[in-house]
Amino acid sequence: MTRILMVCLGNICRSPLAHGIMQSKLPEDHFYVDSAGTAAYHVGNKPDRRSIAVAKKHGLDISTQTARQFTVADFDTFDYIYAMDSSNYEDIIRLARNNSDIEKVMLFLEANTFIQNKNMPDPYYGEKDGFEYVYNLVHETCDILIKTIND
Ligand code: 4NP
């Protein structure tokens, strides 16, 4: 079983989309996908209604997800930890105990050579089209990541 964790700040906008989209692309008998936030603001909450809506529009139900905070134990559980932006990356790295922990953490967009800015924009304070942009970029990047994971 390969375990993949998607991490953003609140675990209500970006990482729930990455979680749901990645999960939908991988066989569940071989891959476990989850998400978490570096902050605890929204622990226990469902994804943001705008993330739920954009996923639904594309035929994906992420409404059953529940936000949780990233913990040190996640370094033991997961093989790949993808941070949505460099601030999330730094917050995760700060909790790493050793090189093995550090090596599991990557910027989600790092492998996407089509995009220069490696920070997934945070759509939380913006307009609805920000969520559509994030959905499409996550979708495209998951396909790229799956190739690197399967290699
Ligand atoms: P996310 O977006 O990190 O993509 O879930 C945010 C959600 C909530 C907040 C910030 C970003 N907040 O400040 O409450």
Side-chain angles (χ1 to χ4, degrees), residues 2-26 28 31-96 101-146 148-149:
T2 300
R3 295 183 169 85
I4 300 167
L5 184 65
M6 304 297 188
V7 183
C8 62
L9 177 63
N11 192 206
I12 56 166
C13 294
R14 293 165 293 174
S15 60
L17 283 170
H19 171 178
I21 292 168
M22 192 61 127
Q23 196 166 44
S24 75
K25 290 175 178 286
L26 293 168
E28 63 180 25
F31 292 90
Y32 174 68
V33 184
D34 194 14
S35 60
T38 55
Y41 317 133
H42 297 282
V43 168
N45 293 354
K46 287 204 297 189
D48 187 285
R49 61 188 157 71
R50 295 164 295 177
S51 282
I52 292 175
V54 77
K56 190 175 175 194
K57 187 182 142 197
H58 291 271
L60 184 68
D61 180 12
I62 62 163
S63 67
T64 57
Q65 292 183 26
T66 306
R68 71 170 180 88
Q69 190 171 21
F70 180 85
T71 71
V72 171
D74 288 318
F75 288 117
D76 299 321
T77 307
F78 292 92
D79 305 295
Y80 299 92
I81 298 171
Y82 293 113
M84 289 298 133
D85 65 34
S86 55
S87 162
N88 310 146
Y89 179 87
E90 293 300 331
D91 288 340
I92 299 166
I93 292 294
R94 209 168 292 130
L95 295 173
D101 288 354
I102 291 170
E103 281 165 11
K104 292 180 177 186
V105 191
M106 287 147 292
L107 267 178
F108 177 79
L109 288 173
E110 196 63 55
N112 190 338
T113 53
F114 298 106
I115 194 111
Q116 291 226 305
N117 182 353
K118 301 302 180 186
N119 293 307
M120 181 68 73
D122 186 346
Y124 185 65
Y125 295 106
E127 303 297 321
K128 216 175 76 185
D129 59 359
F131 285 80
E132 182 71 32
Y133 178 79
V134 168
Y135 181 94
N136 288 321
L137 189 50
V138 167
H139 194 273
E140 165 185 308
T141 306
C142 281
D143 287 337
I144 295 168
L145 287 177
I146 287 167
T148 72
I149 289 168

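Note that this is a predicted model, so its numbers are computed, not measured. Worth knowing before you read on, the calculation uses all heavy atoms, side chains too, and leaves out hydrogens, waters and symmetry mates. In listed order, ligands and their atoms are each counted from 1.
- Taking the six-membered ring for Trp and the full ring otherwise, the centers of Phe108 and Tyr89 sit at least 6.0 Å from each other.
- With respect to Gln65, the side-chain hydrogen bond (donor to acceptor under 3.5 Å, both in side chains) criterion is satisfied by exactly one of Lys46, His19, Gln23: His19.
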Extract all N/O-N/O pairs under 3.5 Å that connect ligand 1 to the protein, and present each with both atom names and the distance rounded to 0.1 Å.
{"residue": "ligand 1", "atom": "2 (O)", "partner": "Asp122", "partner atom": "OD1", "Å": "3.1"}
{"residue": "ligand 1", "atom": "3 (O)", "partner": "Leu9", "partner atom": "N", "Å": "2.9"}
{"residue": "ligand 1", "atom": "3 (O)", "partner": "Gly10", "partner atom": "N", "Å": "2.8"}
{"residue": "ligand 1", "atom": "3 (O)", "partner": "Arg14", "partner atom": "NH2", "Å": "2.9"}
{"residue": "ligand 1", "atom": "4 (O)", "partner": "Arg14", "partner atom": "N", "Å": "2.9"}
{"residue": "ligand 1", "atom": "4 (O)", "partner": "Arg14", "partner atom": "NE", "Å": "2.8"}
{"residue": "ligand 1", "atom": "5 (O)", "partner": "Gly10", "partner atom": "N", "Å": "3.4"}
{"residue": "ligand 1", "atom": "5 (O)", "partner": "Asn11", "partner atom": "N", "Å": "3.3"}
{"residue": "ligand 1", "atom": "5 (O)", "partner": "Ile12", "partner atom": "N", "Å": "3.0"}
{"residue": "ligand 1", "atom": "5 (O)", "partner": "Cys13", "partner atom": "N", "Å": "2.9"}
{"residue": "ligand 1", "atom": "13 (O)", "partner": "Tyr125", "partner atom": "OH", "Å": "3.2"}
{"residue": "ligand 1", "atom": "14 (O)", "partner": "His42", "partner atom": "NE2", "Å": "2.8"}

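- A 4.5 Å side-chain heavy-atom check between Cys8 and Asp85 finds every atom pair outside the cut-off.
- Remark: the Thr141 side chain and the Asn112 side chain contain an N/O donor-acceptor pair separated by less than 3.5 Å.
- The main-chain N or O of Met120 is found under 3.5 Å from a side-chain atom of Arg14 such that the two form a donor-acceptor pair.
- Formation of a donor-acceptor pair under 3.5 Å by the Asp143 side chain with backbone atoms of Glu140 is not found in this model.
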